[in-house]
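Some notes on the structure that comes next.
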There are 2 protein chains.
Amino acid sequence: MGFSVGVVGAGQLARMMIGPATELGIDISVFAEADGMSAAMAASMVGDLGDASALRRFANGVDVVTFDHEHVPLEVLHELANSGIKLHPAPEALLFAQDKLAMRARLGELALPMPSWARVDSAAELTAFIEDHGGQAVAKTPRGGYDGKGVRVVSRGEDVASWFDHGPVLAEELVRYTRELSQVLARRPSGEIALWPVVESIQQGGVCAEVIAPAPRASRRLQVEAESIATAIAENLGVTGVLAVELFETADDRLLVNELAMRPHNSGHWTIDGSLTSQFEQHLRAVLDLPLGSTAPRDRWSVMVNVLGGPASGTVPDRYPVAMAGYPDVKFHEYGKASRPGRKVGHVTVGGEDLDDVVARARAASMALTD
Amino acid sequence: MGFSVGVVGAGQLARMMIGPATELGIDISVFAEADGMSAAMAASMVGDLGDASALRRFANGVDVVTFDHEHVPLEVLHELANSGIKLHPAPEALLFAQDKLAMRARLGELALPMPSWARVDSAAELTAFIEDHGGQAVAKTPRGGYDGKGVRVVSRGEDVASWFDHGPVLAEELVRYTRELSQVLARRPSGEIALWPVVESIQQGGVCAEVIAPAPRASRRLQVEAESIATAIAENLGVTGVLAVELFETADDRLLVNELAMRPHNSGHWTIDGSLTSQFEQHLRAVLDLPLGSTAPRDRWSVMVNVLGGPASGTVPDRYPVAMAGYPDVKFHEYGKASRPGRKVGHVTVGGEDLDDVVARARAASMALTD
């Protein structure tokens with residue numbers, strides 16, 4: 001009788017599943033790391049991500065468990081899976097979103113295009129890698145890094161010497177890319193895949209700031225290649241639910257895989273207003289192994305601009321009287337999070353025919369929420 | 001710090017406010033008449049609609065109180081308003097949605113077009129009205145009737161003799177209309193009004209079955225007249241929030257006001273998927289006196305078909321595997337209500353360029369949820 005989904009993690013991604021779950025009559029409950037988080041409204045339990053017995057109690061009340069983030073320890077995930085709980089994505093797939101070294105090794109086996117990379121176990125090894133790659137490289141902690149944390153451009157291994165106290169480091173070639181793209185799809189356990197158009201993602205300080213859908217000047221070849229890379233990853237890694245593949249586009253027209261996320265992703269937020277099926281609805285359908293919805297875009301162009309930091313005083317909704325009056329055709333989204341410099345506290349989406357106009361309105365509307 | 005709205009009544013209308021409230025960061029809570037209702041997820045209190053002190057406790061936790069239906073006794077509403085609670089719509093407006101005799105009298109003062117009518121206090125008076133109006137009339141109980149209940153076509157006053165035990169009855173001319181239309185708008189306390197296009201509403205057994213937006217073959221004159229009638233009602237009756245004006249279109253090209261609803265309305269459900277701003281988001285914005293959003297349609301045609309009764313066994317979501325596979329571009333909505341003959345348990349919406357195709361797909365998708 002009906003479907004139920006449990007989401008581990010109570011951030012804005014879990015929050016944005018509440019609307020489509022409610023519309024579809026899917027019972028959604030959230031395991032929150034703390035009180036008062038973004039998805040608190042649907043929280044049925046508050047606990048620690050490392051507490052397997054609390055997670056098991058949570059999971060026993062739902063048909064399937066999915067995730068707001070990649071921070072549940074893998075050994076806990078395996079313990080849950082072994083006790084018969086349905087996890088989507090499964091730990092065998094989620095490993096590759098948690099561990100960048102494992103991800104690079106697996107993509108290498110699949111011969112997928114990516115920056116040249118190495119596992120380095122000491123500052124000296126990193127320095128050697130840097131010398132082999134033009135005097136600069138990107139050092140990444142294999143686990144726990146996101147939004148630019150745990151990622152640094154280095155010209156000497158000693159710059160991140162302390163990182164080696166915690167284990168090996170991933171060294172990557174510093175790619176001279178022309179822009180960043182993202183290919184988002186959803187895959188059901190039974191195999192069906194639905195892809196949204198490849199989008200351009202504009203970063204500021206390592207954080208996604210804007211997304212343009214579809215990616216401007218994307219040739220048919222580029223779109224097909226992005227789709228084929230993301231499909232190969234989804235199928236070979238056994239991803240279920242939404243997968244986002246962040247890509248570099250290079251000056252010589254290659255696509256290189258940067259990062260993976262196995263959950264709804266910032267580069268897919270535009271789909272709430274800009275696609276017939278949002279990534280949040282699609283994720284719910286996918287993890288329940290329901291048929292996927294159409295990913296047709298609603299507008300020629302959709303532009304999503306993050307609201308970073310929030311207003312200096314008060315909250316984003318305090319700015320609605322001015323922002324909504326100025327921008328009646330902008331869709332406003334707020335995450336119920338306190339203001340903090342650089343923090344993602346909301347986003348806006350605008351659709352339309354003229355890209356310059358759509359970008360300008362989306363930026364201005366986002367600024368109206370923080371000024 | 002932020003906005004909060006309390007909704008009295010936990011039916012599907014309150015439920016469909018949860019998604020947009022969550023996206024906008026508006027704290028929504030619901031006063032439910034019973035456990036397990038459609039909007040139970042947001043219920044913060046369960047109580048009786050006649051219990052003013054319970055409603056006052058509920059209202060004290062929110063910025064503004066609004067409604068899922070018209071069933072809160074007017075004396076309770078006045079008591080709340082007198083104690084300083086912000087109600088939208090206010091009891092002075094809601095009276096005209098609760099009491100059809102008061103509504104007819106007020107529309108008469110405003111010289112708005114409507115069927116000829118009379119207050120009748122006995123079966124004999126009703127019979128006299130019927131004889132004056134071609135041998136048939138519509139008898140309506142002034143209060144509590146909706147979805148065809150408390151409404152009957154009669155040819156003799158004695159047919160509804162027992163109704164007079166409860167007070168006067170509204171007698172209306174039986175209008176030979178060619179179709180039913182509905183004009184939905186939202187109005188803020190500060191006066192701003194935003195209107196959606198006038199739609200055609202197709203009833204079955206007194207219940208709304210389908211809505212086509214915009215109304216096919218609607219001339220510019222018809223649209224303007226529907227807008228001007230609804231605007232006059234909203235302004236003169238002091239309506240705040242969403243107002244739906246149900247209209248008859250006659251063979252001689254007149255529009256006559258049938259019924260009023262001062263809340264999101266079945267004839268506006270298409271706006272969730274078919275308009276830039278849904279009636280549920282707009283209602284929240286309006287009752288909070290926030291600037292209204294664009295009502296631009298997303299598609300040339302949007303068709304909404306109700307899911308009436310539900311499947312013979314199980315629930316609507318049990319039918320998703322087949323229905324979603326067959327109709328990837330249909331938007332499915334389910335209200336979390338048990339199946340019961342004729343009951344509104346969900347709806348589907350389809351958008352597109354070709355009206356015949358859109359209607360056919362919407363009907364077929366709705367049927368796939370009940371077969």
A/K337, NZ atom: more than 12 neighbouring heavy atoms under 6.0 Å: yes
Closest-packed option against chain A by number of heavy-atom pairs under 4.5 Å, given B/G19, B/A21, B/G25, B/A39: B/G25
Interface residue of largest heavy-atom contact number with chain A, from B/M41, B/R285, B/M16, under 4.5 Å: B/R285
Heavy-atom distances under 4.5 Å only: say whether [X] touches chain B with side chain, backbone, both or neither.
X	answer
A/A325	both
A/I272	side chain
A/D273	both
A/Q12	neither
A/S38	neither

Residues A/R15, B/E23: salt bridge by 4.0 Å N-O rule: no
Value rounded to 0.5 Å, distance of CD1 in A/I26 from OH in B/Y320: 6.5 Å
Gap between atom CE of A/M324 and atom CG of B/L292 - 0.5 Å precision: 9.5 Å
Between [X] and [Y], what is the shortest heavy-atom contact and its length?
X	Y	value
A/L276	B/K331	O-NZ, 2.6 Å
A/G2	B/T315	N-OG1, 3.6 Å
A/P317	B/L24	CG-O, 4.1 Å

Part of B/T277 lying under 4.5 Å from any heavy atom of chain A: both
Within-4.5 Å side-chain heavy-atom neighbours: A/L290 and B/P321: yes
